[in-house]
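A quick write-up on the structure given underneath.
Counting starts at 1 for both ligands and their atoms, in listed order.
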Amino acid sequence: MSQPWNSPEREITPESVFMTRRRWLGLGAAGLAAIGGGLYWRFRPGTKEEVLGTESENPPGADLYPAARNAKFEDAGRKMTIDADAASFTNFYEFSSFKEVWRYVEPFRPTPWKVEIAGMVARPKTYDIDDLMRAFPLEERVYRLRCVERWAMVIPWTGLTLAALLNKAEPLPGAKYVRFVSFDRPSEASKQRNRSMPWPYTEGLTLAEATNPLAFIATGIYGKPLIKQHGAPVRLVVPWKYGFKSGKSIVRIELTDEQPATFWNTLQPREYDFEANVDPDKPHPRWSQRVEWMLGTREEFQTKVYNGYGEWVAKLYG
Ligand SMILES: Nc1nc2c(c(=O)[nH]1)N[C@H]1C(S)=C(S)[C@@H](COP(=O)(O)O)O[C@H]1N2
Ligand SMILES: [Mo]
């Protein structure tokens with residue numbers, strides 16, 4: 001498993017530099033001692049069971065998994081990432097600005113859960129997560145996902161196309177964008193107690209991007225319901241864009257006529273733009289985007305434009 005001390009993020013966690021820096025402000029000697037005491041706990045590697053959690057929580061829709069794999073997205077051209085390698089190295093800033101989010105998600109309660117489809121649609125609807133999983137046929141898709149920090153993974157997601165969900169809601173003619181809103185529960189997600197951050201996490205796509213057949217709503221991972229640190233019980237997966245576009249634990253999907261503000265663009269507009277398509281020729285202001293490395297194996301690959309999904313999406317940007 002990738003561990004924090006041997007990862008390229010050892011010195012900085014690029015996406016979160018801004019957030020991490022803030023935590024140190026105003027920290028006294030007592031705070032520093034507490035950090036020292038916390039270090040062993042933080043860096044002790046987790047067992048596979050700790051990282052993946054137990055199934056005792058009996059999530060809704062468990063009977064629907066595993067779903068049949070869609071043959072068009074069977075082979076991502078690289079080895080699938082091992083489940084515990086993906087689950088032990090995640091970005092979920094509501095819980096931590098480090099990667100071992102699995103240590104901090106215990107208080108999070110993804111059941112019961114509702115997702116609202118709202119805004120500029122003829123048929124707004126609030127789905128109970130269990131109904132959502134039964135209203136649309138679930139399928140499995142193996143996608144590559146590339147974080148703007150240069151790590152990448154190959155994941156079997158279970159879910160439905162975002163297009164199916166949006167079409168059912170009947171977007172109105174003036175709708176141009178789709179806004180995704182994550183949960184806001186400071187009592188369950190400790191980093192949300194910092195109200196100077198732009199919580200809840202929000203993301204957005206153009207309506208044309210959102211209705212592209214690649215844009216996916218995931219309710220499962222590795223043939224089972226989503227686990228907390230991957231965004232239980234429902235998240236977005238947009239494989240041709242940097243990972244931060246794929247919002248986790250979504251409660252509201254809203255159609256709008258104006259480009260919505262997003263979490264990262266609000267914090268660091270110079271570094272995280274709205275479009276955020278994977279592009280090796282467009283460096284991040286603080287690092288090159290030419291090469292990526294795989295979670296678990298650390299194998300390196302040249303990054304491809306649109307994360308290699310140009311045949312599906314290049315036409316959106318012609
Ligand atoms: N709500 C929410 N969604 C989020 C994030 C987050 O911090 N909060 N991090 C994003 C980032 S930066 C990445 S790279 C992907 C990572 O997905 P994974 O941790 O399941 O691999 O989730 C994205 N979705
Ligand atoms: Mo990311």
Side-chain angles (χ1 to χ4, degrees), residues 2 7-9 12-20 51-53 80-102 104-105 108 110 113 115 143-159 179-185 188-192 194 197-205 216-222 226-253 262-268 271-272 276 278 284 287 289 292-296 303 307:
S2 305
S7 80
E9 284 77 20
I12 53 164
T13 305
E15 237 165 359
S16 71
V17 161
F18 178 82
M19 300 177 71
T20 311
V51 166
L52 293 175
M80 200 181 282
T81 301
I82 290 172
D83 53 2
D85 287 332
S88 59
F89 192 100
T90 57
N91 273 337
F92 208 163
Y93 291 94
E94 285 86 336
F95 298 97
S96 174
S97 25
F98 296 93
K99 305 303 178 193
E100 346 46 305
V101 173
W102 60 270
Y104 306 100
V105 292
F108 180 44
W113 195 273
V115 191
Y143 278 167
R144 297 178 296 278
L145 194 75
R146 164 65 152 83
C147 173
V148 73
E149 295 166 330
R150 290 173 295 203
W151 53 270
M153 56 187 190
V154 173
I155 301 287
W157 303 103
T158 305
R179 175 171 181 253
F180 303 88
V181 184
S182 297
F183 69 98
D184 191 9
R185 301 183 187 170
E188 297 178 24
S190 65
K191 297 297 175 207
Q192 291 192 324
N194 177 354
M197 304 299 295
W199 306 117
Y201 193 97
T202 51
E203 255 308 335
L205 297 172
F216 203 59
I217 292 284
T219 58
I221 188 167
Y222 294 101
L226 270 177
I227 58 175
K228 291 178 183 178
Q229 67 266 46
H230 284 303
V234 58
R235 71 172 294 172
L236 187 62
V237 184
V238 193
W240 72 97
K241 293 178 180 281
Y242 290 118
F244 66 87
K245 298 299 290 182
S246 295
K248 295 178 174 182
S249 306
I250 287 171
V251 297
R252 183 173 159 94
I253 298 175
T262 68
F263 182 81
W264 287 108
N265 187 253
T266 302
L267 282 175
Q268 285 159 304
E271 304 198 355
Y272 306 110
V278 174
H284 183 280
W287 60 87
Q289 291 291 25
E292 65 202 48
W293 58 273
M294 304 304 294
L295 292 191
T303 291
N307 200 22

Verify, without hydrogens or angle tests, whether Arg235 (side chain) and Ser246 (backbone) share a donor-acceptor contact under 3.5 angstrom. yes
For the side chain of Gln229 and the backbone of Ala87, is there at least one donor-acceptor N/O pair under 3.5 Å apart? yes
Look at the side chain of Lys248 and the backbone N and O of Ala232, then say whether any donor-acceptor pair between them is shorter than 3.5 Å. no
Which residue and non-hydrogen atom of the protein lie closest to atom 6 (C) of ligand 1, and at what distance in Å? Tyr201 CE1, 3.4 Å
Has Ser246 got any heavy atom lying under 4.0 angstrom from an atom of ligand 1? yes
If you compare Glu203, Lys245, Arg235 by their heavy atoms, the one closest to atom 17 (O) of ligand 1 turns out to be Arg235
Are Trp199 and Phe263 close enough that their ring centres sit under 6.0 Å apart? yes
Atom 19 (O) of ligand 1 - nearest protein heavy atom and its distance: Lys248 NZ, 2.6 Å
Are Phe89 and Trp151 an aromatic pair by the rule of ring centers under 6.0 Å? yes
Mark up the atoms of ligand 1 that fall under 4.0 Å of a heavy atom belonging to Cys147, in ascending order. 14 (S)
Just so I know, are the side chains of Pro200 and Arg252 near enough to count as touching, which here means a heavy-atom distance under 4.5 Å? no
Nearest protein heavy-atom contact for atom 21 (O) of ligand 1: which residue, which atom, what distance? Met153 CE, 2.9 Å
With heavy-atom distances below 4.5 Å as the criterion, would you say the side chains of Tyr242 and Gln289 are in contact? yes
For the residue pair Glu271 and Val148, establish whether any side-chain heavy-atom pair is separated by less than 4.5 Å. no
Which word best sums up how the rings of Trp264 and Tyr201 line up, parallel for under 30°, tilted for 30 to 60°, or perpendicular for over 60°? perpendicular
Quick test of your reading of the structure: of Gly247, Ser96, Gly243, whose heavy atom lies closest to atom 23 (C) of ligand 1? Gly243
Any atoms of ligand 1 less than 4.0 Å from a non-hydrogen atom of Ser182? List them with their elements. 1 (N)
For ligand 1, is Trp151 a contact, meaning one of its heavy atoms is under 4.0 Å away? yes
Pick whichever of Glu15, Glu94, Arg146, Lys191 has a heavy atom sitting closest to atom 1 (N) of ligand 1. Glu94
Shortest protein heavy-atom distance from atom 7 (O) of ligand 1, along with the residue and atom involved: Tyr93 N, 2.8 Å
Number the atoms of ligand 1 from 1 as they appear, then name those within less than 4.0 Å of a heavy atom of Thr90, with their elements. 19 (O)
Would the His230 and Phe92 ring centres measure less than 6.0 Å apart? no
Atom indices of ligand 1, in the order listed, that fall short of 4.0 Å to a heavy atom of Phe244: 10 (C), 11 (C), 12 (S), 13 (C)
Hey, is ligand 1 close enough to Gln229 that some N/O pair sits below 3.5 Å? no
Can you find an N or O of Asn91 that's nearer than 3.5 Å to an N or O of ligand 1? yes
